[in-house]
Amino acid sequence: MAAGLASFVVIANRLPVDRVFNPDGSTTWRTSPGGLVSALEPVMRRKGGAWIGWHGAPDERLRPFEHDGIRLVPVRLSTQDVIDYYEGFSNATLWPLYHDVVAPPQFHREWWDAYVSVNQRFAKAAARVAKRGATVWVQDYQLQLVPAMLRELRPDLQIGFFLHIPFPPTELFQQLPWRRQILEGLIGADLVGFQLPGAAQNFTRLVRDRVGHKTQRGTVSLPDGRTVVARAFPISIDAKSFEELARSTEVETRAAEIRSSLGSPKTVLLGIDRLDYTKGLYRRLRAFGELIREGSLSVEDAVFVQVATPSRERVDQYRLLREDVDRLVGGINADVGRIGSQPITYLHASYPREEMAALYRAADVMVVTPLRDGMNLVAKEYVACRYDDRGALVLSEFAGAAAELKQAYQVNPYDINGMKATILEAVRAPERESSRRMRSMRRTVLDHDIDAWAQSFISALSQR
Ligand code: GDG
C-alpha cells in the first residue's frame, strides 16, 4: 500500500483499539472487542484499509500507526470537543432524540457548532488517506455530516453510511433545530444503511418533505442527477465464535460455578446492558421485584443477575439512572431478600467476553427489554451461545432484533403487567416449547452473521 493511501476506509467515532499501559511504563494497543472490527478486518487487510477515529484520550495528537496489519489514523479531540461534540450533541441531543425521546433531548447551539467542526475534521482526515476512487464507510450518529463534507472534498469517492441506532419518525425528528443540515449531510452518501426498513422509510420521507428531493421507494434523486439509496441492513454478531467460546470447557466450568455461587436456584434470569436509559433496566427489575413480592416467583427458586456496564458516566441522565437503579435494587433486595438469598445480583461492571459467555450459558431466561434499540446484540449473543437449544429469550418489541427473532417471548416494556406475565410464561415454558423457539432463532442468527452483514453492505455499495 502506498504510504497514506487506502482503497477502503472506515470512519468511526472511535478507533477499534484501546491503549494498554504496561507496568514498565511502556504503552501498547489492544484491539477492542466487538463484531464490527472483526467483520471488517479481513476486508481491511485484503484491500489495504485504513480506519479513522478518535483514540480515546483528549488533547493528544497522534500520528497514524499500524496495528495488527490495519492502518489506524487517529483524529484529535480536545477536552472541549469531548464535552460538546461527544457527550453533548451526540449523546445528550441525538441519542435521546433518535430513541423515541425516552429522555428529553437538549438543544445547545455551541454543541452543534462543535459537532460541525469535529465532523469536518473527520472528513478532512478521510480525504487525506483515501486513494482515488476508494470506498469509504462512515459509521453512526456521531458522524452524520461527514458524507456530504467528504463528497465536497473528494467527489471521486464511493461513500457509504450506516446508522447503528434507530432513525426517528418525522414527528420527533422535526424537533431538531438542525434537521435539514443532518439530512443534507447523510445524502452526501451513495448508500445510507439502517437497521430496519422502517428507519429507511422515515429517512426518505424526511428527505422528500424537508429537503424537497424526489424520492421513489428507497431511492432519492438529486437535482444534479446523482441518486442515493436508503436500505435496511440488520447488523449481527460473530455467531460462530460466540458458540465456540460457549462450548469451551473453561466457559462451561465457569457457568456451573456461577450457578452454584448463586445458590443453585431453579431459574437464573439474566440482563446484560450498558447502563443506559434506553435499555429499560428499571422497568424490567421492577417487574421481577413484583413477581417475587407477590409470590409468583419464590426467592429460593429464582435469581435475577443484572450486569450494567458503566457507560457515559459524565452525562447527567446516566448519573440519574444509576441512582434510580441502585435505589430500586437496594429496595427490592432489602424487602424480599433472605439471609443467603438475594433476589437481584446487581453488577455495575464490565467483564471479559469469556465471562459474558459463561453468564449466557448460566442463564435460563435472558431478559432484553429496551424501550427502543437499533438492534440489540446481547439478544443475538445469548441465542448464539445456546447450542443445546435450551433457554428462553424475553425480548422487547422495540428492539430491532425483534424483527428477526420472532420466536422470542416478545414484550412491550412499557406494560409492566404484560412483562410480568411473559417472564412467568418463559420461566415455566415446557422444555419442548422453548427448544422449538430456540432452534428457530439459532438458525436466523447463525445464517445472518456479521460477515454476511458487512458483505451485503459492501456489495450493495459497490453496485452503486
Ligand atoms: C449500538 C446500538 C446496536 C456489554 N457489556 C459488556 C460487553 N458488552 C457488549 C455486548 C454487546 C455490546 O456490548 C452491546 O451491544 P448492544 O447491541 O446490546 O448495544 P449498544 O452498545 O447500545 O450498541 C444497538 C449496536 O450498536 C450494533 O449496531 O445493536 O442497538 O444501540 O456485544 O456483548 N462486552 C464485554 N464486557 C461487558 O461487560 N466484553
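Both counts, for ligands and for their atoms, begin at 1 and track the order of listing.
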Novice: Is the charged tip of Arg14 near the ring of Trp51: under 6.0 Å from the six-membered ring centre and within 45° of its axis?
Specialist: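 Judged by the rule, Arg14 and Trp51 form no cation-pi pair.
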
Novice: Does Arg386 make a cation-pi contact with Tyr360, if we ask for NZ or CZ under 6.0 Å from the ring centre and within 45° of the axis?
Specialist: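 Geometry flag: not set, cation outside 6.0 Å or 45°.
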
Novice: Looking at atom 37 (C) of ligand 1, would you say a protein heavy atom lies below 4.0 Å from it?
Specialist: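 At least one protein heavy atom is under 4.0 Å away.
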
Novice: With a 6.0 Å cut-off on the ring centroids, do Trp137 and Phe457 count as close?
Specialist: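 Distance test on ring centres: under 6.0 Å, yes.
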
Novice: With a cutoff of 4.0 Å, is Trp95 in contact with ligand 1, counting heavy atoms of the residue only?
Specialist: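 Within the 4.0 Å threshold, so yes.
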
Novice: State the atoms of ligand 1, each with its element, that fall below the 4.0 Å cut-off from a heavy-atom position in Arg353.
Specialist: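 Answer for ligand 1: 39 (N).
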
Novice: Would Asp100 and Arg372 count as a salt bridge (Lys or Arg N to Asp or Glu O under 4.0 Å) if you check the C-alpha gap in whole Å, the side-chain angles of each, and the deciding distance to 0.1 Å?
Specialist: CA-CA 7 Å; Asp100 278 0; Arg372 179 59 73 193; 3.0 Å; yes

Novice: Could you tell me whether some N/O pair between Gly374 and ligand 1 is separated by less than 3.5 angstrom?
Specialist: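 Between Gly374 and ligand 1 (N or O atoms, distance only) the closest approach is under 3.5 Å.
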
Novice: Looking only at protein heavy atoms, which one is nearest to atom 14 (C) of ligand 1, and what is the separation?
Specialist: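 Looking only at protein heavy atoms, the one closest to atom 14 (C) of ligand 1 is Val378 CG2, 4.5 Å.
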
Novice: Using heavy-atom distances, let me know which of Leu275, Asp276, Leu377 sits nearest atom 15 (O) of ligand 1.
Specialist: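 Comparing heavy atoms across Leu275, Asp276, Leu377, the nearest one to atom 15 (O) of ligand 1 lies in Leu377.
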
Novice: Return the option from Met375, Lys279, Met356, Lys380 holding the heavy atom at the smallest distance from atom 19 (O) of ligand 1.
Specialist: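 Among Met375, Lys279, Met356, Lys380, the closest heavy atom to atom 19 (O) of ligand 1 comes from Lys279.
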
Novice: Checking Ser26 now: which residues fulfil side chain to side chain donor-acceptor pair (under 3.5 Å) with it, not counting sequence neighbours?
Specialist: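 Applying side chain to side chain donor-acceptor pair (under 3.5 Å) to Ser26 gives Asn22, Asp24.
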
Novice: With salt bridge (Lys or Arg N to Asp or Glu O under 4.0 Å) as the criterion, how do Glu60 and Arg19 come out once you've worked through the C-alpha distance, each side chain's angles and the decisive distance to 0.1 Å?
Specialist: CA-CA 13 Å; Glu60 185 187 35; Arg19 199 167 357 206; 2.6 Å; yes

Novice: Centre of Phe65's six-membered ring, under 6.0 Å away, within 45 degrees of the axis: is that where NZ or CZ of Arg71 sits?
Specialist: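 No.
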
Novice: Does ligand 1 have a heavy atom under 4.0 Å from the side chain of Glu355, from its backbone, from both, or from neither?
Specialist: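 Under 4.0 Å from ligand 1, Glu355 contributes no heavy atoms.
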
Novice: Does some side-chain heavy atom of Thr135 sit less than 4.5 Å from a side-chain heavy atom of Leu157?
Specialist: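 When only atoms from C-beta onward are counted, Thr135 and Leu157 do not touch, as no gap falls below 4.5 Å.
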
Novice: Which residue holds the protein heavy atom closest to atom 33 (O) of ligand 1, what is that atom called, and what is the gap in Å?
Specialist: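 Nearest neighbour among protein heavy atoms for atom 33 (O) of ligand 1, to 0.1 Å: Glu381 OE1, 2.6 Å.
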
Novice: Does only the side chain of Ile235 get under 4.0 Å from ligand 1, or the backbone, or both, or neither? Count heavy atoms.
Specialist: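 Side chain only.
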
Novice: Report, in ascending order of atom number, the atoms of ligand 1 lying under 4.0 Å from any heavy atom of Gln195.
Specialist: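 Heavy-atom distances to Gln195 below 4.0 Å select 3 (C), 28 (O).
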
Novice: Please check atom 17 (O) of ligand 1 for a protein heavy-atom neighbour under 4.0 Å.
Specialist: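 Yes, there is one.
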
Novice: Of Asp140, Asp373, Ile450, which has the heavy atom at the shortest distance from atom 24 (C) of ligand 1?
Specialist: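 It is Asp373 whose heavy atom sits nearest to atom 24 (C) of ligand 1.
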
Novice: Could you identify the single nearest non-hydrogen protein atom to atom 4 (C) of ligand 1 and state the distance to 0.1 Å?
Specialist: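 It is Thr309 OG1, 3.8 Å.
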
Novice: Within 45° of the axis and under 6.0 Å from the centre of the six-membered ring of Tyr382, does NZ or CZ of Arg361 qualify?
Specialist: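 Not satisfied by the 6.0 Å and 45° rule.
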
Novice: May I ask which of Gln139, Arg274, His164 has a heavy atom nearer to atom 27 (C) of ligand 1 than the others do?
Specialist: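 Heavy atom nearest to atom 27 (C) of ligand 1 belongs to His164.
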
Novice: Would one find more than 12 heavy atoms of other residues, nucleotides or ligands at under 6.0 Å from atom CZ of Arg464?
Specialist: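 It does: Arg464 CZ has more than 12 such atoms within range.
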
Novice: For the 3.5 Å polar cut-off, considering only N or O atoms, please tell me whether Phe162 and ligand 1 meet it.
Specialist: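 No: no nitrogen or oxygen of Phe162 is under 3.5 Å from one in ligand 1.
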
Novice: Which option, Tyr141, Tyr351, Phe242, owns the non-hydrogen atom nearest atom 39 (N) of ligand 1?
Specialist: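 The residue whose heavy atom sits nearest atom 39 (N) of ligand 1 is Tyr351.
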
Novice: For a quick test of your reading: what N or O donor-acceptor pairs under 3.5 Å do the side chains of residues 167-177 make, sequence neighbours left out?
Specialist:
residue, atom, partner, partner atom, Å
Thr170, OG1, Arg205, NH1, 3.4
Gln174, OE1, Arg210, NE, 2.9
Gln174, OE1, Arg210, NH2, 2.7

